[in-house]
Number of protein chains: 2
Amino acid sequence: MSTDVFGALANPVRRRLLEGLREGPRSTGDLAGMFDLGRPAVSEHLAVLRGAGLVREEPRGRHRFYHLEAAPLAEVEDWLHPFERYWNRRLRALSDLLDEEDSR
Amino acid sequence: MSTDVFGALANPVRRRLLEGLREGPRSTGDLAGMFDLGRPAVSEHLAVLRGAGLVREEPRGRHRFYHLEAAPLAEVEDWLHPFERYWNRRLRALSDLLDEEDSR
DNA sequence: CCGACGCGTCGGGAAAGGTTGACGCGTCGG
DNA sequence: CCGACGCGTCAACCTTTCCCGACGCGTCGG
């Protein structure tokens, strides 16, 4: 298991897979229909997402449904947060406020 | 220019480089001192960051200073935002903070 | 019970990424 | 003017990633 969330998000196919799963659970073949990709390729991308904890699988009959598991994305959010003040004036005020809160 | 921000962030060395640049501009050799890496490796990581627009270079004498350019990180933030409602943690913290502010 | 279906996984080949040593270029100090 | 310094870049190598065809396994329908 790699648990490398940033690495999992580096691939555009995997990002689109997560976007598709936002609307609800889907089967592998259903997801594969979204791309010009073979089913094995999609299956392996899903394995990477599973390794990063971004997806949970639910076998049902001969299908296998994948569910979005967004919690690990918090790691990305946490990493991103200290940078927010450098590109968004509006968020900068909030960022400063949070700093003020933390140091109280 | 690759402009692939997600790909640029996939490497832990590049993430640490950005973290280091948050504190101010630094020279290549200075940044290389932060890692067990040769200077060429760091130089090429910086080239990737430059390709993604995450870094701006300022030649000064025989040094070359790199500045953080956080604007492209907004793309990551924008992609991440629709997922926030699925893990809620930070959203809840912000909500709590706003409530506290209102009642002051 | 048997063939079709939906899967994951494995082996291999192509492509991309990471690191290194060697080189060349501009810059500074003596 | 010359040697040392700080850089970027290149060729080469190794590793990783990405994709496919082929296979095997469990499941469903007739």
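Reminder, nothing fancy here: chain letters follow the sequence lines and each chain counts from 1.
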Next item on the list: Identify whether the distance between the nearest side-chain nitrogen and carboxylate oxygen of B:E58 and B:R64 falls below 4.0 Å.
Entry: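 No, this pair does not count.
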Item checked: Rounded interatomic separation in angstrom, taking CZ from A:R62 and P from D:dT27 ->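 It works out to 11 Å between those atoms.
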Check: Can you tell which of D:dC7, C:dT19, D:dC18 lies closest to the side chain of B:R39?
Finding: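 For B:R39, the side-chain atoms sit closest to D:dC7.
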Next item on the list: Quick one: pull up CZ in A:R26 and NE2 in A:H63 and give me the separation to the nearest 0.5 Å.
Entry: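 Between A:R26 CZ and A:H63 NE2, I get 14.0 Å after rounding to 0.5 Å.
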Item checked: Gap between atom CG of A:L49 and atom CG of A:L21 - 0.5 Å precision ->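 A:L21 atom CG to A:L49 atom CG measures 8.0 Å (nearest 0.5 Å).
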Check: Would you say B:S43 reaches D:dT9's phosphate, i.e. side-chain N/O to OP1/OP2 under 4.0 Å?
Finding: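 No.
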Next item on the list: Using a cut-off of strictly less than 4.0 Å, decide whether B:Y66 has a side-chain nitrogen or oxygen near OP1 or OP2 of D:dG8.
Entry: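 Looking at the OP1 and OP2 atoms of D:dG8, one of them is under 4.0 Å from a side-chain N or O of B:Y66.
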Checklist line | Side chain A:E57 and base C:dC7 donor-acceptor under 3.5 Å | finding: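 No such pair is found, so the answer is no.
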Check: Mind checking who D:dG30 pairs with, Watson-Crick or G-U wobble, both distances under 3.5 Å?
Finding: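 C:dC1 is the nucleotide pairing with D:dG30.
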Next item on the list: With a 3.5 angstrom cut-off on both distances, give the Watson-Crick or G-U wobble partner of D:dC19, or none if there isn't one.
Entry: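 Pairing partner, where one exists within any strand: C:dG12.
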Item checked: Closest-nucleotide ordering on DNA chain D, the 5'-leading residue of A:P40 and B:S27 ->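 Comparing both residues, the 5'-ward one is B:S27.
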Next item on the list: Assess the side chains of A:W87 and B:E69: does a donor N or O sit below 3.5 Å from an acceptor N or O?
Entry: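 On atom types as modelled, these side chains do not qualify, holding no pair under 3.5 Å.
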Check: With sugar-phosphate meaning primed atoms plus P, OP1 and OP2, does B:L37 contact a base, only sugar-phosphate, or nothing at under 4.0 Å between heavy atoms?
Finding: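 Sugar-phosphate contact only - B:L37 comes under 4.0 Å of backbone atoms but never of a base.
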